[in-house]
Amino acid sequence: MNQVQFIQKIDNAQNKVAQILGHAKNPQVASKVEHSYDDKYLLAEFICNMGVASQVSCFQQFGLTANSLNELKGWAAAGDAVTLRFRSEEKCTFLRTETREEDSGVEQVTEGSLFGTISSKVITKIKEYFWKVEVSWEVVAFRGVGVEVMLRLNGRKGEHAIKTTSDIPPQAELISPSLVTNLDMTWFLTQLDKTSLNKDPSSFSPSFKINRKHIQCATPSQNPDIFPALTFGNNVTRWCNDISRFIHHNMIMKLDAPMAKSMNTQSLDQPNLLFIPILPMFQQQTYSSFDNLSISSSSSNNAPTEEREEENDKKTETTITLSFKRAVRDDQESGSNVLLDISSIHKFLNEEARLLATRVNDLKQEYPTPTGPRLISSNEATMIMVCGHMKRVCSAWSESIAFIENMLRSQLIAAIGHEVTPTDFDNYMSFHNNKFFASAYKPKPMVHSIRRSHLHSPEGTLSVERMSASSEASTESNANKPIETFCSSRTSLENDMGFSINAATRICFSGERHLHGWLRHDFSNTNQSSEKISLNARARQFSGFIVIVGRLLDANNIDPQHAFLVQNRDEVEIPLSVSTIPTAKEFKDSIQSLSPEQQRFAKAFREMQLGATLMGVLVIQIKPQLEAVLDLPPDSLTKEIKLTKDLFSLFIDYQIPSDLLKYSTDESANLNETLSTTPTAFKVAAVKGHVASMLEMVSEVK
């Protein structure tokens, strides 16, 4: 719904409201009046109660009376579903055949010398077939799923003669039923309570109320009580559409053009002649001492004098009185000081009932009486008019509820300054976590420096970063940002971890371990696929390390899936596919009705899914491993940049075995060491010699 257009529609109704209430009261659109959050709930309840009251006035035109309403409420109170059904039937019967002569109107004159002038005409004999089409319909209410307990509210049978030039019937001999459309009335009936007003059995009070303490109650328009109300409105709209379409297509379209034109069927539904009492308005005012005022919804209040005298005898049967109660906030005794007062509600509903009755009386003057045999009578015309009004009432109902939600949303955006995006919410959560958690426990950006110890410079960084699709074309300030995770770190553990690279080789490793937990926030209407999450590895110049990515199988094993070398200012970005699996409660609820075999399979499959939820990333620093395989002391390659580069080339490009390059203790036996020569320098020099010899040999081979 376009909120601007809806507000304009309400503003246009101001003149009519001023005529009804007088100029002393000047209600405004709710968004233009200062109010509290509780007032929004009261407004939603007011709108739904006005919708129920308006439908009572409309259903009376379908034949609903106080007695029948009491009976239907009894069915609903007993726990049975109550359904309102419109059912129709059509018959086609052959009447007679007539033959008539039709003069062409053209005379031909022939002059002859013997017989004089001869004139002739063409006369066509036309055989016509007459058929009687009967259409009967009824509106009934029934209890439960069958029609054994049924209450007939309205109905009629009409007929019309159709003339054809063929002996083929214009329609099937019997169509039963030609239309069956149902409307569930159970929710509607449960919203009408009996009142103690003068102990009148025909007095009812709309009693819709929102349970604000319900766990699923989010806003005045997003709660378990509003949803059935909107569903009922949608069902009424569908039901009225079915009835209007049937009367137009199956009854009015059967009339010949002159008769249809004389009845002026195009002007049946005129919205400007009626009033819709559902208006999301507030007004600054205080309550009077009256808690309740009665509202008569009788359709006969404005009938002509002779008809009113006849209907007064049936007043107890036909009149339904509505009584509104003062709206009260939860846990408070005082009512809202901005909601329309009871007298204004009384005037709104009485004006709707008055205009409905006036329109019904006008249609009775324009159309044949229902007791006659005509196919279209004032009864069908009233049905079309009332159905159109009911659809507009339901539309205003749903639009007004949506208006409350849009108003709440607009006010929140105005308070913040702009619409909150997932990125904004992430920034808010970072701010909140910094205030809520102690320094040792607050989430931190998932960025790790790769270094041998705190005494060494970093070799590079490893991070997990996120970027929304909208940030790709934005400024550099919106570049990838590391995700913030809760982290638990261990520096010394007794058990080593490992993985197998083939059936005969297992690699074990130890070192620092960090367990990260990421609490991700998403909006329900946000496409998660538009957000990119990636694992990023960056190496500094003259540095390098190996990254292995896989799944953690248990506390001692990792299942490697991918591995890559990052060196000399490389930047590697690996997109991560993140999907959501059902929670433990959702999974339990989903499998409880499955067979034992299906449950076992689902549990085994979920175990596999859970095994893939814990990603493991292993970082192996290359220089310490090179020093180990070459039998060099720790830190001996830290400043040997050229030697390290040559070693990378020999191991990676030429697959040279480490035994050909490593330092051997036999090499020091034949050398005359001096006091100025340290063991580390001697070992490094020996490795340099092996590397130089191997590079020379490779060069000669090339």
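Nothing here was measured: the structure is a model prediction, and the numbers come from that model.
- The side chain to side chain donor-acceptor pair (under 3.5 Å) search around Gln598 returns Ser595, not counting sequence neighbours.
- One side chain, Thr505 or Asn502, offers a donor N or O that lies under 3.5 Å from an acceptor on the other.
- Sorted by first and then second residue, the salt bridge (charged side-chain N to carboxylate O under 4.0 Å, His left out) pairs with a member in residues 551-567 read Arg551-Asp559; sequence neighbours excluded.
- In terms of the side chain to side chain donor-acceptor pair (under 3.5 Å) criterion, residue partners of Asp653 (sequence neighbours excluded) are, by chain and number, Ser649.
- For residues 617-630, the set of pairs meeting the salt bridge (charged side-chain N to carboxylate O under 4.0 Å, His left out) definition, not counting sequence neighbours, comprises Arg452-Glu627.
- Side-chain atoms of Thr186 and Asp184 form a donor-acceptor pair, as typed in the model, at a separation below 3.5 Å.
- The minimum heavy-atom distance linking Ile483 with Arg466 is given by the pair CG2-CD, 3.8 Å.
- Side-chain contact check for Ser430 and Asn427: no donor-acceptor pair (N or O, by modelled atom type) lies under 3.5 Å.
- Of all heavy-atom pairs spanning Ile401 and Leu230, the tightest one is CG1-CD2, 4.1 Å.
- Of all non-hydrogen atoms in Phe208 and Cys48, the two that sit nearest each other are CD2-CB, 3.4 Å.
- One side chain, Glu405 or Thr219, offers a donor N or O that lies under 3.5 Å from an acceptor on the other.
- Partners of Ser463 by side chain to side chain donor-acceptor pair (under 3.5 Å), not counting sequence neighbours, listed by chain and number: Glu465.
- With sequence neighbours excluded, the residues that form a side-chain contact (heavy atoms from CB on, under 4.5 Å) with Phe227 are Gln222.
- Counting only N and O atoms by type, the side chains of Ser488 and Arg490 include a donor and acceptor under 3.5 Å apart.
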